[in-house]
A.B. asks: 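Pasting a structure here, questions to come.
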Number of protein chains: 2
Amino acid sequence: MATEIIFGHLEDVSVGDSFVNYKAMNKVGVHRSSMGGISGRAKDGADSVVISGGYENDSDQGDVIVYTGQGGRNKGGKHDKDQTLTLGNAALVQNLLNAQPVRVIRGEDRKNSFAPASGYRYDGLYRVESYWSEKRVDGFAIWRFRLEQLVATNTIPQPIKKSSKKAIPLGNPSPERVETTVQRVVRDSALSKSLKLHYQHLCQVCDTTIETNSGPYAEAAHITPLGAPHNGPDIWENILCLCPNHHVMFDLGVFSVADDLSLLGITGLITTEEGHAPSLVHLEYHRNHYYKKLIQPLDKG
Amino acid sequence: MATEIIFGHLEDVSVGDSFVNYKAMNKVGVHRSSMGGISGRAKDGADSVVISGGYENDSDQGDVIVYTGQGGRNKGGKHDKDQTLTLGNAALVQNLLNAQPVRVIRGEDRKNSFAPASGYRYDGLYRVESYWSEKRVDGFAIWRFRLEQLVATNTIPQPIKKSSKKAIPLGNPSPERVETTVQRVVRDSALSKSLKLHYQHLCQVCDTTIETNSGPYAEAAHITPLGAPHNGPDIWENILCLCPNHHVMFDLGVFSVADDLSLLGITGLITTEEGHAPSLVHLEYHRNHYYKKLIQPLDKG
DNA sequence: ACCATCGCCGTG
DNA sequence: CACGGCGATGGT
């Protein structure tokens, strides 16, 4: 049955605590994998990841980390196949689907100003904000995960006291011992409102709107996401007006949009109003990076 | 045409800047109302609010503020009617619907440890996370808004430089001059996953699920919200398994649930699986505080 | 039981 | 400092 997976902070480990090597982390359980960068199970989610600068493309801006998945290498360490959404990669996807936090541990890395000078350091909880695939220059696909630091907004009174051990006795019937509250995040830019008005808050996929007593509700979905590493622009051509359901589906790659605005993955098409034409460049970006069905598991050999 | 509403930070005002009085704030535009605590328009949203300790029930925890709406008083300042969702209150609702940030300014208040010693201080951007109604002891209804501080997660490279004025020349076609990115947030607790599994990720309202390539997706909605001032418990009886659309509708009070589990506001009923019974106490809490149609505008006299 | 892995400690 | 071999542990 293996050891217990615990999401969130641990009782005996504080943010900033240092460890000399993997074995020390294994001992206290802050990272339970003996060699791997991702600790967790494909079905349940990842409880921790280690960032050691092993992947040249990884980016670390402190509160935002772009983390590359595992796999795709042969025994010699050379990339010789696509990464797949299995093992640790699949676990990180579960974190996104279930809004589970992941502990982030930074390992020594001279090239990373956020990394410790030596050993490993527990740097707190992050959410898996999104994931997508990229093609390396050698043509092999990798999966990447955007991690965002969870700042403890005052939600549940935190029972954790550094001074006293044996805290967190909430006594609820949770399968996990530690109380965690994570967030799904929907970004909305300055331009969102005008586009939603243009569409009268009707979803461009299903033509429905949510009527509240204070006006209609819809969400603006950026086709190429804002922020690193995508750096999509905040312009009308890069935004769709969607209901929450189709927004989630779009961000998770359940469906995408072809150049003729027909839908891929589900039936239907994107309806447009005069004055708004989604950019073909950005639609292609979404298809290539987010539309999962285009990424087939590679045949052996 | 009135003066221009600008959401987000202003070019010439930094977080922490102080002002001696309302006139000084009016002059630079950080707060454009000459007397009111809420600046903005009912149709467009609120660009700023002032917290001065005028409402005894207001709570300020720094990153989370519970702000009481305006109105309900006669000329003498005494409460003699219900507050309505008009004027500034309606404006704050728009901020929630459109994920627009609101500038928070704290005024002198000895009882508030986060308030400045004198005058007014610009304390940065907050999101309107939720709103609900409460009944005062005298029986009159008030509207309350939970504001959460926006921490600048690294999304768009910030063009704002304190040193140089005249920054932010993004040159995009936005009706606003300042680039802002706000987030709608969906909390998900440690218990959410088990309940969603119990319902096989089917929405308890519409019986649909969102199938991704990596598993089904649903959201857990707390009936009485977690966190101050509601402090709902993180237990199964206080959670519903919903699709994103119905989650938004539930949180915005578009519908609520009667004791017999029939829906109010929309047709249908909550389906339950054996082993899960929503708490009647919490359903009543939601009806009383979130289900807007129970709150009728009071007749004159 | 087998497998995969952002380690670890040697040599050049 | 690069590279290669050894290698333990949890996941499948």
Side-chain angles (χ1 to χ4, degrees), chain A residues 1-7 10 13 18-62 64-95 97-98 100 102-124 126 128 131 133-134 136 138 140-147 175-177 229 297-301, chain B residues 193 213-215:
Chain A
M1 54 182 285
T3 50
E4 184 188 13
I5 293 183
I6 299 175
F7 295 97
L10 301 182
V13 181
S18 290
F19 305 89
V20 290
N21 54 22
Y22 260 55
K23 188 164 277 188
M25 295 193 289
N26 297 341
K27 188 174 179 184
V28 298
V30 69
H31 188 65
R32 298 175 308 101
S33 174
S34 59
M35 295 185 68
I38 305 172
S39 166
R41 291 188 208 112
K43 301 279 184 194
D44 299 322
D47 53 341
S48 61
V49 295
V50 172
I51 298 162
S52 300
Y55 284 82
E56 63 282 358
N57 285 15
D58 279 8
S59 97
D60 189 346
Q61 303 171 77
V64 177
I65 296 163
V66 178
Y67 189 83
T68 303
Q70 63 187 198
R73 299 167 182 244
N74 62 19
K75 288 167 201 159
K78 268 190 73 73
H79 268 278
D80 66 342
K81 50 183 172 294
D82 289 350
Q83 290 188 349
T84 58
L85 277 185
T86 57
L87 302 172
N89 302 342
L92 282 170
V93 174
Q94 287 303 312
N95 285 54
L97 292 180
N98 289 299
Q100 288 162 323
V102 64
R103 290 186 294 274
V104 164
I105 296 140
R106 286 190 175 86
E108 171 182 355
D109 179 10
R110 292 198 201 107
K111 303 184 297 304
N112 182 356
S113 60
F114 295 99
S118 71
Y120 299 88
R121 186 186 62 215
Y122 173 48
D123 280 348
Y126 285 65
V128 180
Y131 73 102
S133 70
E134 290 182 15
R136 290 163 46 96
D138 58 22
F140 294 114
I142 56 174
W143 289 97
R144 309 194 76 194
F145 300 86
R146 182 180 160 110
L147 311 180
E176 277 84 43
R177 288 185 299 163
L298 199 75
D299 297 12
K300 290 272 182 181
Chain B
K193 189 174 183 177
N213 285 356
S214 304

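Chain letters run A, B, ... following the sequence lines, proteins first and then strands; every chain starts at 1. The analysis underlying the following values was restricted to heavy atoms, covering all of them including side chains, and did not include hydrogens, waters or symmetry mates.
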A.B. asks: Rounded to whole Å, how long is the line connecting atom CG of A:Asn57 with atom P of C:dC6?
C.D. replies: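 Rounded to the whole Å, the gap is 15 Å.
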
A.B. asks: Rounded to whole Å, how long is the line connecting atom CE of A:Met25 with atom P of C:dT5?
C.D. replies: 18 Å

A.B. asks: Do the side-chain N or O atoms of A:Arg32 get closer than 4.0 angstrom to the phosphate oxygens (OP1, OP2) of D:dG11?
C.D. replies: yes

A.B. asks: In the strands shown, is C:dC8 matched to any nucleotide by a Watson-Crick or G-U wobble pair with both distances under 3.5 Å, and which?
C.D. replies: D:dG5

A.B. asks: With respect to the side chain of A:Met35, which nucleotide from C:dC6, D:dG11, D:dG7 is positioned closest?
C.D. replies: D:dG7

A.B. asks: When the distance from CD1 of A:Ile38 to P of D:dT12 is rounded to whole Å, what number comes out?
C.D. replies: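 Rounded to whole Å, this separation is 11 Å.
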
A.B. asks: Rounded to whole Å, please give me the gap between NE2 in A:His31 and P in D:dG11.
C.D. replies: 11 Å

A.B. asks: Please report, rounded to the nearest Å, how far the P atom of C:dC9 is from the CD atom of A:Glu108.
C.D. replies: 12 Å

A.B. asks: Nearest whole angstrom, please: distance from the C1' of D:dG10 to the CD1 of A:Ile6.
C.D. replies: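 Atom CD1 in A:Ile6 sits about 15 Å away from atom C1' in D:dG10.
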
A.B. asks: Using a heavy-atom cut-off of 4.0 Å across all strands, would you classify A:Gly77 as base, sugar-phosphate, or nothing?
C.D. replies: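 Here A:Gly77 touches no strand at all.
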
A.B. asks: Under 5.5 Å between ring centres and under 30° between planes: true for A:Tyr67 and the base of C:dC6?
C.D. replies: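 Yes, the aromatic ring of A:Tyr67 stacks with the base.
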
A.B. asks: Anything under 30° is parallel, anything over 60° is perpendicular, the rest tilted; go ahead and classify A:Phe145 against A:Tyr131.
C.D. replies: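 Parallel.
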
A.B. asks: So, A:Asn57 versus A:Thr68: side-chain donor-acceptor pair below 3.5 Å or not?
C.D. replies: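 Looking only at side-chain atoms, A:Thr68 and A:Asn57 do not form any donor-acceptor pair under 3.5 Å.
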
A.B. asks: May I have the distance from A:Leu92 (atom CG) to C:dC6 (atom P), rounded to whole angstrom?
C.D. replies: 11 Å

A.B. asks: By nearest atom, which of the nucleotides C:dT5, C:dG7, D:dG11 is closest to the A:Ile5 side chain?
C.D. replies: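 Side chain of A:Ile5 sits closest to D:dG11.
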
A.B. asks: Any side-chain N or O of A:Arg41 below 4.0 angstrom from OP1/OP2 of D:dT9?
C.D. replies: no

A.B. asks: Can you tell me the distance, in whole Å, between the NZ atom of A:Lys78 and the P atom of D:dG4?
C.D. replies: 10 Å

A.B. asks: Whether A:Asp60 and A:Arg106 form a salt bridge (side-chain N of Lys/Arg under 4.0 Å from carboxylate O of Asp/Glu) is what I want to check.
C.D. replies: yes

A.B. asks: Less than 4.0 angstrom from a charged side-chain N to a carboxylate O is my criterion; do A:Asp80 and A:Lys78 meet it?
C.D. replies: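 Salt bridge absent between A:Asp80 and A:Lys78.
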
A.B. asks: Between A:Arg136 and A:Glu56, does any side-chain N to carboxylate O distance fall below 4.0 Å?
C.D. replies: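 Looking at A:Arg136 and A:Glu56, the cut-off is met.
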
A.B. asks: NA contact type, A:Gly37, heavy-atom cut-off 4.0 Å: base, sugar-phosphate, or nothing?
C.D. replies: sugar-phosphate

A.B. asks: Can a donor-acceptor pair under 3.5 Å be found between the side-chain atoms of A:Asp58 and the base atoms of C:dC6?
C.D. replies: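 Check passes, donor-acceptor contact within cut-off.
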
A.B. asks: Pick the closest DNA chain D nucleotide for A:Arg110 and for A:Gly88 by heavy atoms, then say which residue is nearer the 5' end.
C.D. replies: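 Result: A:Arg110.
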
A.B. asks: Map A:Lys75 and A:Ser34 onto DNA chain C by nearest heavy atom, then report which one ends up closer to the 5' terminus.
C.D. replies: A:Lys75

A.B. asks: DNA chain D: A:Asn26 or A:Lys43, which has the more 5' nearest nucleotide?
C.D. replies: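 Closer to the 5' end of DNA chain D: A:Asn26.
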
A.B. asks: For A:Tyr55, answer base if it contacts any base atom (sugar-phosphate contacts may also be present), sugar-phosphate if it contacts only those atoms, and nothing otherwise; contact means non-hydrogen atoms under 4.0 Å.
C.D. replies: base

A.B. asks: Any idea which of C:dC6, D:dT12, C:dC8 is nearest the A:Thr68 side chain?
C.D. replies: C:dC6

A.B. asks: Nearest to the A:Tyr120 side chain among D:dG11, C:dC8, D:dC1, which nucleotide is it?
C.D. replies: C:dC8

A.B. asks: Minimum heavy-atom separation for A:Val13 to A:Val28, with atom names?
C.D. replies: CG2-CG2, 4.1 Å

